[in-house]
Chemist: 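For reference, the structure I am asking about is given below.
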Amino acid sequence: MNIVVCVKQVPDTWSEKRLDPEDSTLDREATDPVMNEMDEYAVEEALRLQETHGGEVTILCMGPDSATQTVRKALSMGGDRAVHVVDDALHGSDAVATSLVLARAIETIDAVDLVLLGSESSDARMSVVPAMLAERLGRAQLTFAKEVTVDGPTVTIKRLTDDGYQVVEGTTPAVVSVVEKINEPRYPSFKGIMSAKKKPVQTYAVADLGIDPGEVGLSGAWTSVESFELAPPRESGRVVTDDGNGADRLAEKLVEFLASKKFV
Amino acid sequence: MTGMHLSDELESLRKTVEEFAHEVVAPVIGDFYERDAFPYAIVAQMGEMGLFGLPFPEEHGGMGGDYFALCVALEELARVDSSVAITLEAAVSLGAMPIYRFGTAEQKAEWLPRMCAGEALGAFGLTEPGGGSDAGATLTTARLDGDDWVINGTKAFITNSGTDITGLVTVTAVTGRSEDGHKEISSIIVPSGTPGFTVSKKYSKVGWNASDTRELSFQDCRVPMANLLGERGRGYAQFLSILDEGRIAIAALAVGLAQGCVDESVRYAKERSAFGRPIGANQAISFKIADMELRAHTARLAYYDAADRMLRGEPFKKQAAIAKLYSSEIAVTNAREATQVHGGYGFMNEFPVARMWRDSKILEIGEGTSEVQRMLIARELGL
């Protein structure tokens, strides 16, 4: 079974993020880049499926040169090969453009049975790329998986919902997005790190994939950021001292507070 | 390694171990430390990552890296916790390395794959209750009786010797006397559980509390003649060659602790306010932390240099002694200063700097005391 895992390089979740005042895109220079955490779970799941079913795991990444780090990390975890789409024209791409590029790149890879990816990226948090990708590829879409099993051509997932899970079944080839409940990603071993640099990485520019550069990047985006400002710093909380009759006056104080905020 | 910079692969290793230390070790290690408990699950995960096999070739189950890779991993672990770092250091450079360097093909095949996987820990029994640095004063004896060595004696302060996954202890013992009357010292492998080999209860230690340190006794303990490790009569010389490398590893561990003190102090100095501003805004604190960083950085250069010389096959005895001496002494200084930055909280065991303070002192003692390092350096200078 051949699997493609889409991985995205994002700013470290804990780092302070800034938007570039020039074009209102994320200032990636200012933050430590890491692999999107949810995609690490997708890589892990692909490797586990490979251990059971065999086949190849291809890592697919769309991102600038610096995203090589993320590609290498996925390869050091155990991916067999990688495809990296690098092009200045991609800067500022929205989810629509991203799904187009990923779909075209997947079409260059032979006999793909499954496409795995995190259900959202920690920077954009839109959670729409898996669905768009499935639509563009004309494949079954199974999202928010907390468990994946493959039996012949049948893919079954437990789809995480707010109050439990649904069992969803589809047929390969399929696109499956995963949530962090699915597994515990491995740390790369040193042997994995050493072998990663010898694994093949195919790079493509946008034009190589038959895409008009105008369809992607800031110019091709369906939305644009008109302006932005920093979120105001959180105000410190207000301490109400209990002068002995707190329990009696709690309701009264709460109503007073809510009224002052015009909630009631 | 290229000069003073990490290669891309070593940087990836460093980052991986850094993440592991912060995500897996940091949240739970304080509790193990308080309970004097050995963190088996953490050690197992370190085994899965291949940390125990870092400097060994793949044919023995290793990762195909070198000794410097081990040092990089040790530094990152010790930035968060020294107990797990010393467990790794002792298992690799004192447990597995002698088997790899001096073992027969059979000994290597029997032990190295499991040791590289972290499934079996090795220990090295050199120090005795009567002394450590003066290895010539060894009292433990081993005599040949038929096809067996019969071992009698006591070993003290032996790391990794009494865990549930300890596979063997290599002991040095007097196996005879040379013509000029000098003791002939040899190394012999004693598997855990051998009758006559008793592991006493854990010591109550000041630091390194989540690591395993025991006193061992041997009473007519019999092991097959084939358990001799390396040449008969070369046990002490073999040990000395292992110790030079081991000093670089201890230096890496000390640098990790010194850097961990910087990390914790920077964080605390930004968070903690006094008189209306973060304490880090006061030069009394910020200069203190700048000096801590200076020491950690300089010590790192010293061990990088020693490791680089060793890997290039150049003499490195003096550089290893300098790295070990300097980094262990600055680790103690940084731990004291970090505790001072933390004020009263620094004296509370739940703060990592308190653990670092307790863990730092042994660095000036283990694998050659500071006095022994000075002696070695002076000797290298022809004094």
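In what follows, chains carry the letters A, B, and so on, assigned in the order in which the sequence lines appear, proteins first and then strands, with residues in each chain numbered from 1.
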Chemist: Below 4.0 angstrom, N of the basic side chain to O of the carboxylate: do A:K8 and A:E120 qualify?
Modeler: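 Between A:E120 and A:K8 there is no salt bridge, as every charged N stays at least 4.0 Å from the carboxylate O atoms.
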Chemist: Would you mind reporting whether B:Y345 and B:V353 have side-chain heavy atoms less than 4.5 Å apart?
Modeler: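 No, their side chains stay 4.5 Å or more apart.
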Chemist: Is the closest basic N to carboxylate O distance between A:K197 and B:D8 below 4.0 Å?
Modeler: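 Looking at A:K197 and B:D8, the cut-off is not met.
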Chemist: For B:E19, is it the side chain, the backbone, both, or neither that has a heavy atom closer than 4.5 Å to a heavy atom of chain A?
Modeler: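 When you check distances to chain A, atoms from both the backbone and side chain of B:E19 fall under 4.5 Å.
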Chemist: Going by atom types alone, do A:Y41 and A:E184 pair a side-chain donor with an acceptor below 3.5 Å?
Modeler: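 No.
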Chemist: Heavy atom to heavy atom, less than 4.5 Å: which residues from residues 262-281 of chain B reach chain A?
Modeler: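 Answer by number: none.
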Chemist: Chain B: which of A:Q69, A:K191, A:K73, A:R72 shares the most heavy-atom pairs with it under 4.5 Å?
Modeler: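 Heavy-atom pair counts peak at A:K191.
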Chemist: With a 6.0 Å cut-off on the ring centroids, do A:F144 and A:Y165 count as close?
Modeler: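 That pair fails the under 6.0 Å test.
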Chemist: Could you check whether B:K15 pairs with B:E18 (Lys NZ or Arg NE/NH1/NH2 to Asp/Glu carboxylate O, under 4.0 Å)?
Modeler: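 Here B:K15 does not pair with B:E18 in a salt bridge, since their nearest N and O are not under 4.0 Å apart.
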Chemist: Knowing that exactly one of B:V72, B:L77, B:L74, B:L88 qualifies, which makes a side chain to side chain contact (heavy atoms under 4.5 Å, CB included) with B:V17?
Modeler: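 Running side chain to side chain contact (heavy atoms under 4.5 Å, CB included) over B:V72, B:L77, B:L74, B:L88 with B:V17 returns exactly one hit, B:L77.
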Chemist: For a 4.5 angstrom cut-off between non-hydrogen side-chain atoms, does A:V4 reach A:L116?
Modeler: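 No, side chains not in contact.
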Chemist: Going by an N to O cut-off under 4.0 Å, is there a salt bridge joining A:E51 and A:R186?
Modeler: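 Here A:E51 pairs with A:R186 in a salt bridge, since their nearest N and O are under 4.0 Å apart.
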Chemist: Using heavy atoms and a sub-4.5 Å threshold, report which of residues 45-57 of chain B line up against chain A, by residue number.
Modeler: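 From residues 45-57 of chain B, the residues near chain A are B:Q45, B:M49, B:L54.
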Chemist: Please say which of B:E75, B:E76, B:E293 ends up in a salt bridge (Lys or Arg N to Asp or Glu O under 4.0 Å) with B:R300.
Modeler: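 So, applying the salt bridge (Lys or Arg N to Asp or Glu O under 4.0 Å) to B:R300 and each of B:E75, B:E76, B:E293, only B:E75 qualifies.
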